[in-house]
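Shown next, in structure tokens, is the structure this report addresses.
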Amino acid sequence: MSEFNEFDQQGSVPERNTGSIISHAFEMYKGVFLYAFVAMIIYLIGGFVIQALTGFNSAGFADDIKSNGGDFSDFNIWAAPGFTAYISLSWLLGLLLAPLYVGLIFMINKYNTKNPIEFSDLFIGYRQNFVNILIYSIISGIISSVAAFFCVIPVFLYILYLCWDIRSCFSKMRLPWMLWEKLLILLKKITEHF
């Protein structure tokens, strides 16, 4: 895999219609299902270890959210015990398990080209190209986070637009009214240009 010549062999390719593509993908999935299950179990065990280390109780956290009665104005997610450490270590766990998923992709390729699959193929990402995989994982994580953030911005602007003249909408948002007026003026200037 260090020279990427393992992917030079052409495996079976489905026809260019939706049914064939889905059928081919399902056949590939059936061939490596147990290995994907092993990868999932490893990830779950890592998550449980992180919860034990940080003291974060996700079940208790979910109960706190449910018992809040729908009023989240006073709920501070960052004040939950161990939450920030849990998020940080979960990110690190995802980064360190990225080579495991690369191994899973490698196994699917081997299955598609009718080569024999070994259990050690699941861990090939740790033996070859480990640093490249980590760099790719970091870059793709940053891009995904930025993309998700840009999905939130239009929603926020739309809410501001809907609440344009409704002062009662802003009364529960805990920001001074002058700040909201400045945001609305800015939004009005932005929307006038479109």
Side-chain angles (χ1 to χ4, degrees), residues 1-14 16 18 21-62 65 76-156:
M1 197 162 131
S2 61
E3 298 172 8
F4 296 108
N5 57 5
E6 285 86 353
F7 291 97
D8 289 342
Q9 289 181 326
Q10 184 67 32
S12 61
V13 178
R16 291 184 178 252
T18 306
I21 293 170
I22 291 173
S23 175
H24 177 72
F26 188 68
E27 288 300 318
M28 295 300 107
Y29 176 73
K30 286 191 317 187
V32 296
F33 170 75
L34 291 177
Y35 299 107
F37 189 73
V38 168
M40 183 190 70
I41 294 297
I42 291 171
Y43 193 83
L44 286 175
I45 290 171
F48 288 134
V49 169
I50 288 174
Q51 279 195 24
L53 289 175
T54 60
F56 178 69
N57 182 3
S58 61
F61 186 69
I65 290 175
N76 187 0
I77 192 170
W78 300 103
F83 181 73
T84 54
Y86 175 73
I87 292 294
S88 301
L89 289 178
S90 292
W91 179 83
L92 184 63
L93 177 70
L95 183 69
L96 292 177
L97 289 182
L100 191 69
Y101 298 116
V102 169
L104 198 57
I105 293 168
F106 179 69
M107 293 175 84
I108 292 170
N109 181 56
K110 282 182 79 171
Y111 182 79
N112 190 29
T113 57
K114 308 292 189 252
N115 290 327
I117 298 174
E118 300 173 8
F119 185 75
S120 63
D121 290 338
L122 188 60
F123 303 100
I124 196 166
Y126 294 102
R127 293 189 306 259
Q128 298 178 7
N129 296 325
F130 180 70
V131 175
N132 294 344
I133 294 168
L134 288 183
I135 291 170
Y136 170 77
S137 180
I138 290 170
I139 291 171
S140 64
I142 290 170
I143 291 171
S144 297
S145 298
V146 169
F149 178 71
F150 281 127
C151 289
V152 172
I153 288 176
V155 172
F156 178 69

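Note that the numbering runs from 1 along the sequence shown for the chain.
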Q) Could you go step by step and tell me if F119 and V38 meet the side chain to side chain contact (heavy atoms under 4.5 Å, CB included) rule? A) CA-CA 10 Å; F119 185 75; V38 168; 4.1 Å; yes

Taking all non-hydrogen atoms of both residues, which atom of [X] and which atom of [Y] are closest, and how far apart?
| X | Y | result |
| --- | --- | --- |
| G94 | Y43 | CA-CE1, 4.3 Å |
| N57 | Q51 | CA-OE1, 4.5 Å |
| L89 | I50 | O-CD1, 3.3 Å |
| G47 | L93 | N-CD2, 3.7 Å |
| E27 | Y111 | O-CE2, 3.5 Å |
| S120 | R127 | O-NH1, 3.1 Å |

Kindly compute the distance separating [atom1] ([X]) from [atom2] ([Y]), expressed to the nearest 0.5 Å.
| X | Y | atom1 | atom2 | answer |
| --- | --- | --- | --- | --- |
| I135 | N129 | CD1 | CG | 10.5 Å |
| M28 | I108 | CE | CD1 | 8.5 Å |
| L97 | L104 | CG | CG | 12.0 Å |
| I124 | I133 | CD1 | CD1 | 9.0 Å |
| F26 | F33 | CZ | CZ | 9.5 Å |
| S90 | L95 | OG | CG | 12.5 Å |

Q: Might you confirm whether atom CZ of F48 has over 12 heavy atoms from other residues, nucleotides or ligands at distances under 6.0 Å?
A: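 Open.
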
Q) Taking C-beta and beyond as the side chain, do Y126 and L100 meet within less than 4.5 Å on heavy atoms? A)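 In short, these two side chains touch, coming nearer than 4.5 Å.
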
Q) Quick one: does F37's side chain get under 4.5 Å of M40's, heavy atoms only? A) yes

Q.
Set out, in order, the CA-CA distance, both residues' side-chain angles and the distance that settles side chain to side chain contact (heavy atoms under 4.5 Å, CB included) for K110 and V32, then state yes or no.
A. CA-CA 10 Å; K110 282 182 79 171; V32 296; over 6 Å; no

